[in-house]
Amino acid sequence: MTRARWMFAMVTALLVSVSCSDQPTNPGSGPGTLAVRLTTPHGDDGAMTFQVDGPVDNVSAANGSLRLFTRRVDGSTVVGVVIGPLANGAIIMLHVPDVSAAEAYTASVREVADLDDALRASLVGYVLTVTR
Amino acid sequence: MRIAILAVFALIGATPVLAQTPRAGSWQDAVRRLRDAHVGHPIRSGRVAASPAAIIAESEPNDSIRTADSIALGDQAVGVLNPARDVDVWFVDLTEGQLFSVDVDAQVLGSPLDAQLVLFAPDGRTVLAFNDDFNDLDSRISFRVPASGRYFVAIGSFGGNTGSPLARYALNFGTVTCSGLGTEREPNDSPATATRIAIGDSGTGEICPVVERPTGDVDYWAITAQAGTTLDLAVDAASFGFVGDPILALYAPDGTTRLAFNNDFIGSDSRLQFSITTTGTYYATVANVLGFGDPFRYTLHVGTIVPGPGDPITVRAENLGIPLGLAVGNTGDVFVSDVSGGRVLRISAENRVTTFATGIPSPVSVAFDASGQLLVTSLAGGVYRVTPQGQATRFITDGIFPFWIAVAPDGRIWITDLGNRSVRRYSATGQFETSFDAIGIGQSGPGPLAIGPSGEPYVSNGTEIWRLRNGRFERVLAGQSLIWAFAFDVAGNIYAPLPTAGTLKLFDSTGVVLADPFAVGPDAPQAVAFGRDATGATLARVFAIDPQVGRLFEINPAAVRQRGLPGYVAPSLALDVVVAALLGAGGLSLADRQYLDAVGNHNGHYDVGDLRAYLRVLQGSNR
């Protein structure tokens with residue numbers, strides 16, 4: 001191997017390794033985090049149960065003011081309850097094996113209670129959206 | 001105007017008033033008397049009219065303010081109420097501060113007239129006083145004149161139907177005079193001038209308001225009592241045939257600290273007991289409940305009784321208004337309803353009194369529900385539910401007149417309803433389940449209510465306690481005094497307050513008397529409850545409230561045989577189980593789910609709002 005060819009091989013190897021090490025935060029594909037964003041018609045939501053369909057490794061609350069409990073129903077469904085002041089925006093983070101499949105994930109609202117613990121009679125206007 | 005005066009007689013003197021007055025001896029009557037303790041009615045006493053300065057015959061027509069006949073103080077007016085609905089009106093000029101007296105002689109003269117009197121203010125419309133029967137059927141009004149002016153006295157016949165050509169009357173216009181009879185030595189209106197009386201003796205006197213005593217007549221009696229004795233004071237007036245309404249109080253040796261009070265122990269006569277812990281001179285006072293009114297004579301009996309094993313009692317809090325309901329929370333704090341203040345007070349283990357909730361009209365009984373929230377019955381109707389933060393909302397609204405409330409070990413809510421004399425049962429979340437007709441238990445039942453050792457409701461009908469078992473009422477015990485809000489210990493012993501006797505009595509579970517008195521006073525103990533420690537466990541400590549003196553007191557704990565029944569005990573539910581159940585994993589019984597719903601939004605099922613509330617329970621923020 002000539003010196004020039006050796007240098008080329010080293011640079012190529014470095015590039016490949018860098019590319020591989022960046023992959024977890026790369027929005028392109030592979031494991032990563034998806035956000036579940038809430039759209040709510042109310043300003044005094046205090047708790048919500050939800051369901052997420054799609055392969056999920058783990059679920060966490062989007063911020064420290066929220067308390068989250070989940071239960072895995074099967075390999076592709078997780079149900080959970082998030083308690084705390086809920087507002088428009090990200091409320092849950094999904095840790096998934098392949099972020100490129102975000103469009104395949106769905107999330108839905110099951111129940112909502114207000115800050116006085118009263119159950120919402122209607123869920124009209126509530127939307128959960130899974131985004132990268 | 002005659003029509004108007006007739007209407008006044010009709011409105012305030014005849015059936016409508018009677019119809020609006022709770023039946024004597026009923027729970028409503030007892031509560032009304034407590035709530036309206038400051039409201040008085042004209043009273044009478046047996047006095048003889050002085051010789052008149054002049055006798056003035058009526059001059060018809062004189063049946064209106066405009067045509068009233070003139071009379072002067074010291075004169076006697078004479079007339080006939082004829083025809084049947086005739087009304088005669090007289091006017092008299094009075095001076096501010098005078099103690100005006102007008103009384104009828106009719107029956108005493110052999111007249112068939114059953115007279116009624118009304119005193120009108122100078123405006124001719126405002127009714128200042130009314131009297132029907134004072135000396136048998138003959139009427140009398142005594143009245144302190146608030147301002148100089150021309151006042152009007154109307155005389156009519158009861159029901160408008162005893163007027164006739166024979167219905168003669170004489171009206172004596174004068175001022176109140178005192179007889180000066182008795183063993184009291186006026187002036188004795190202060191501790192310094194009190195008339196001395198020994199234990200075992202009786203004293204006689206007269207409550208007679210005079211101009212020189214602008215606050216009314218109060219007779220002080222000085223009694224030297226030894227520590228360890230229990231004074232028993234009784235005043236007789238009404239039982240002598242006088243219609244005076246005496247009140248009785250006992251003051252500490254400082255002459256100003258009121259230790260005990262009673263009004264209307266038997267009829268309108270009063271009686272109190274008090275255990276003396278420090279030897280000294282104490283002061284008993286006798287006065288008129290109205291401050292002013294017709295004079296009356298009385299006898300004061302001073303004796304002692306043997307105290308009970310629960311003596312001496314210890315005052316834990318005072319100035320509680322008129323407390324009727326009592327419950328102990330799961331941290332050991334005591335909660336008391338003040339019917340007069342529309343509030344619930346909280347008394348800490350350190351005896352610190354704070355306002356827990358307001359805005360509940362005339363709260364009566366209190367009990368904690370399955371969610372640890374306080375349920376409060378209201379004389380205005382309905383049951384209120386108070387959050388641990390003190391926010392009150394109407395909770396149960398379908399009863400007619402919910403009176404007493406208790407929560408069973410299964411969390412179910414039991415209520416006695418005076419409206420239809422029933423015992424009603426609700427779920428832990430306040431849904432009506434069933435009702436039991438309790439008219440058959442007799443007397444004024446069902447009244448105060450408690451849950452017994454087997455979870456069955458027990459109710460008082462007045463002097464008896466009945467148990468509801470398998471849908472039927474069974475009499476457990478029969479006493480001789482009114483039994484109010486009693487409580488059970490774990491052995492089933494019944495700790496019963498007897499407000500008219502001024503004592504507490506202890507029965508075993510079969511109704512056998514174990515101690516009578518169990519404890520004494522301070523006046524009219526009305527509800528008892530067992531204490532709890534900071535974890536909510538019941539203790540062998542008994543608290544009681546006395547609405548007459550506005551106090552919470554504790555029975556001598558050495559005499560309390562067992563700890564109290566635990567009542568409702570909240571299930572201990574692990575958070576992961578509670579969450580999993582909400583998310584579809586099961587694992588909770590129906591009772592658990594009902595409990596969680598009761599903790600939360602009590603909408604009939606367990607949901608995310610209930611979990612949110614339960615988290616706060618676990619975090620302790622509702623305590």
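Every chain is numbered from 1, with letters handed out A, B, ... down the list of sequences. FYI, side chains are in, hydrogens and waters are out, and symmetry mates aren't considered; it's all heavy atoms of this structure.
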Indicate the atoms forming the closest heavy-atom contact of B/Val608 with A/Ala47, along with that distance. CG2-CB, 3.6 Å
For the CG atom of B/Leu611 and the CZ atom of A/Arg67, what is their distance to the nearest 0.5 Å? 9.0 Å
Taking all non-hydrogen atoms of both residues, which atom of B/Gly609 and which atom of A/Ala113 are closest, and how far apart? CA-CB, 3.5 Å
Taking the side chain as every heavy atom from C-beta outward, state whether A/Phe69 and B/Val578 have any atom pair closer than 4.5 Å. no
A/Val73, part contacting chain B, at a heavy-atom distance under 4.5 Å: neither
Would B/Leu583 and A/Thr49 count as a side chain to side chain contact (heavy atoms under 4.5 Å, CB included) if you check the C-alpha gap in whole Å, the side-chain angles of each, and the deciding distance to 0.1 Å? CA-CA 8 Å; B/Leu583 299 178; A/Thr49 52; 4.2 Å; yes
Any chance you could lay out the side chain to side chain contact (heavy atoms under 4.5 Å, CB included) test for A/Asp117 and B/Asp610, step after step, and finish with the verdict? CA-CA 6 Å; A/Asp117 306 328; B/Asp610 304 325; 5.9 Å; no
From CZ (B/Arg612) to CG (A/Asp114), nearest 0.5 Å: 7.5 Å
Pair B/Leu582, A/Glu111 - check side chain to side chain contact (heavy atoms under 4.5 Å, CB included), show working. CA-CA 10 Å; B/Leu582 180 69; A/Glu111 289 181 336; 4.0 Å; yes
Is chain A contacted by the side chain of B/Asp607, its backbone, both, or neither, given a heavy-atom distance below 4.5 Å? both
Chain B contact via A/Arg110 - side chain, backbone, both or neither, heavy atoms under 4.5 Å: side chain
Under 4.5 Å between any side-chain heavy atoms of B/Val579 and A/Arg71, yes or no? no
B/His605/A/Leu119 under side chain to side chain contact (heavy atoms under 4.5 Å, CB included): CA gap, chis, key distance, verdict: CA-CA 10 Å; B/His605 67 273; A/Leu119 193 66; 3.7 Å; yes
